[in-house]
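Note that these values count all heavy atoms, side chains included, but never hydrogens, waters or copies made by symmetry. These figures come from a predicted structure and were not determined experimentally.
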Amino acid sequence: MRRDFCDGVGIARLLNATLVLPKFEVAAYWNESSGFEDVFDVDYFIEKMNGFVQVVKELPAELASKEPFKVDCSKRKGLFDYVETVLPSLLKHRYISITPAMSQRRDRYPLYAKAALCQACYSALRLTATLEKKGSDLLEAIPKPFLSLHLRFEPDMVAYSQCEYSFLSANSTQAIDSARGERKPWTGEQARLWRARGKCPLTPNETAIILQSLSIPTTTNIYLAAGDGLMELEGLTSVYANVFTKSTLLSGTDFENMHGNTKAALDYYVSINSDSYVATYFGNMDKMVAAMRAFKGLYRTLFLSRRAFAVLTNQGLNGNLLMEALWKIHRDDFVMGVGSALPDCFCEFKL
């Protein structure tokens with residue numbers, strides 16, 4: 001959500017538009033009713049964006065009863081101009097909601113739009129005082145030093161990937177089947193090719209194998225940055241016993257009263273302040289965490305290669321041969337910065 005919102009700030013500046021504080025998208029698998037103001041310090045954000053983008057909490061009275069005109073740019077391929085494409089709709093309807101283009105290169109924004117995006121992402125967005133205090137307490141409770149691991153193996157994630165896993169427990173299989181809906185898994189040769197492209201989430205057990213191949217000691221303190229409903233966790237904890245989660249470190253009442261966005265915000269806070277950060281996926285949170293860590297000068301950030309694991313195991317490698325091959329691939333990827341996310345602006349100018 002943070003990355004999408006930063007995109008929205010940059011686009012608002014491109015269009016010379018006023019930005020209305022967003023409403024968070026509700027996900028069916030989260031206990032979700034939180035809003036922007038429950039996660040971020042609204043007044044601080046508006047103050048810090050002054051001079052970059054005009055931000056308002058509510059719509060003017062004459063627009064408040066209207067539904068926004070929806071502009072979906074998410075499927076746009078290659079370069080396109082937001083001003084030419086979106087501005088006519090804004091001028092006509094006065095109030096629009098926009099889904100940014102996934103492939104748009106933010107580093108090609110004009111300097112004024114890049115400055116607004118950079119200011120929003122790296123200076124203006126801070127957690128509410130209550131949430132930051134909770135994040136600080138959580139960070140303090142984790143034994144040091146520690147590695148923050150963003151592990152994605154929830155039923156909805158696996159269902160969305162269209163991947164099939166033949167060795168899961170009956171409960172996990174049932175949860176995945178319930179989440180699939182009309183999105184059926186690939187089969188046969190198509191399934192093999194899909195997995196070889198790195199499209200299938202790593203299981204906790206596969207994650208443990210890769211961590212061991214990287215010579216990460218099994219006594220390492222690991223903070224698990226993950227959503228609710230994580231499956232097959234014993235595949236990780238049977239190897240790495242010192243695994244800590246929000247639910248084990250926060251009081252029962254605190255944890256039960258939290259929603260999906262506030263939980264994710266705590267994971268983000270801990271991850272950008274951890275000694276090391278390892279991600280099994282390369283989603284929006286991972287990109288923002290990596291960028292913020294780079295911005296803060298923290299470079300112990302690694303993305304595990306789903307593709308490498310799939311290709312090597314498909315070749316029949318196991319044991320020490322698999323471990324050695326995984327180590328070499330991840331070493332080379334880390335040295336070359338493969339998969340790393342850097343700040344969108346790299347702050348070529350003083351904000």
Side-chain angles (χ1 to χ4, degrees), residues 1-25 36 39-42 44-57 68-126 268 272 282-299 301 303 337-351:
M1 63 181 179
R2 187 184 183 105
R3 188 166 181 263
D4 288 341
F5 182 64
C6 292
D7 282 344
V9 171
I11 295 168
R13 182 64 187 92
L14 279 172
L15 302 178
N16 197 26
T18 297
L19 185 70
V20 183
L21 290 179
K23 299 184 185 303
F24 291 155
E25 189 175 52
F36 185 90
V39 178
F40 298 112
D41 186 332
V42 170
Y44 181 81
F45 177 76
I46 293 175
E47 177 189 341
K48 295 292 285 186
M49 292 310 299
N50 184 36
F52 291 89
V53 172
Q54 183 179 2
V55 182
V56 296
K57 296 179 181 180
F69 180 78
K70 292 179 171 55
V71 180
D72 187 355
C73 301
S74 60
K75 304 300 183 185
R76 297 274 184 169
K77 298 295 183 181
L79 292 175
F80 76 101
D81 193 319
Y82 277 110
V83 175
E84 290 183 358
T85 308
V86 180
L87 185 57
S89 296
L90 177 62
L91 294 175
K92 178 179 179 181
H93 299 280
R94 299 182 60 210
Y95 173 34
I96 67 171
S97 68
I98 185 169
T99 305
M102 297 297 291
S103 60
Q104 186 72 356
R105 289 281 300 272
R106 295 159 195 84
D107 60 343
R108 292 176 178 169
Y109 281 4
L111 196 60
Y112 59 85
K114 193 187 294 185
L117 186 150
C118 193
Q119 175 75 353
C121 276
Y122 304 108
S123 296
L125 280 176
R126 75 176 183 187
Y268 174 83
I272 64 172
F282 195 50
N284 282 342
M285 174 171 162
D286 305 304
K287 294 170 185 175
M288 282 305 307
V289 168
M292 183 59 81
R293 287 177 62 83
F295 186 78
K296 295 175 65 172
L298 303 173
Y299 292 102
T301 302
F303 297 93
V338 175
S340 295
L342 297 174
D344 298 294
C345 54
F346 245 168
C347 291
E348 305 156 1
F349 41 82
K350 185 173 179 60
L351 294 177

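Side-chain contact between Val71 and Thr99 is absent, with no heavy atoms from C-beta onward closer than 4.5 Å. Between Arg13 and Phe52 there is no side-chain heavy-atom pair separated by less than 4.5 Å. Two residues are said to be in side-chain contact when any heavy atoms from C-beta on lie closer than 4.5 Å; Ile96 and Val86 meet this criterion. Residues Tyr268 and Met288 are in side-chain contact: their nearest non-hydrogen atoms beyond the backbone lie under 4.5 Å apart.
By the ring-ring contact (aromatic ring centres under 6.0 Å, His included) test, Tyr44 is found to be paired with no residue, residues two or more places apart in sequence or in another chain being considered. Scanning for side-chain hydrogen bond (donor to acceptor under 3.5 Å, both in side chains) contacts around Ser97 gives an empty result, with sequence neighbours left out. The side chain to side chain contact (heavy atoms under 4.5 Å, CB included) search around Val20 returns Val56, Leu59, not counting sequence neighbours. In terms of the side chain to side chain contact (heavy atoms under 4.5 Å, CB included) criterion, Glu47 has no residue partners (sequence neighbours excluded). Under the rule for a salt bridge (Lys or Arg N to Asp or Glu O under 4.0 Å), Lys296 has no partner lying at least two apart in sequence or in another chain. In terms of the side chain to side chain contact (heavy atoms under 4.5 Å, CB included) criterion, residue partners of Leu91 (sequence neighbours excluded) are, by chain and number, Leu87.
In plain terms, the two heavy atoms of Ala116 and Val9 that are nearest each other are O-CG1, 3.6 Å. Between Ala113 and Gly10 the shortest heavy-atom distance is CB-O, 3.8 Å. Nearest heavy-atom pair across Ala290 and Thr301 is CB-CG2, 4.1 Å. In plain terms, the two heavy atoms of Cys6 and Ala120 that are nearest each other are SG-C, 4.5 Å. Considering every non-hydrogen atom in both Ala294 and Tyr299, the closest pair reads O-OH, 3.4 Å.
For the atom pair CZ (Phe295) and SG (Cys121), the distance works out to 10.0 Å, reported to the nearest 0.5 Å. Note that CG of Leu90 and CD1 of Ile11 are 12.0 Å apart. Values are rounded to the nearest 0.5 Å. Between Ile46 atom CD1 and Lys57 atom NZ the span is 5.0 Å, to the nearest 0.5 Å. From Thr18, atom OG1 reaches atom CD of Gln54 across 4.0 Å, with rounding to the nearest 0.5 Å. Taking NZ of Lys70 as the reference point, atom CD1 of Ile98 lies at 13.0 Å (rounded to 0.5 Å).
Checked by atom type and distance alone, the side chain of Arg2 pairs as donor or acceptor with a backbone atom of Leu125 at under 3.5 Å. Checking side-chain atoms of Gln119 against main-chain N and O of Met49 turns up no donor-acceptor pair under 3.5 Å.
A tilted orientation is assigned to the rings of Phe5 and Phe36, their planes being inclined by 30° to 60°. Aromatic ring pairs are classed by plane angle as parallel below 30°, tilted from 30° to 60° and perpendicular above 60°; the pair Tyr109 and Tyr82 is perpendicular.
A distance of 6.0 Å or more separates the ring centres of Phe40 and Phe45.
Seen from the ring of Phe69, Lys92 does not count as a face-on cation partner, given the 6.0 Å and 45° thresholds.
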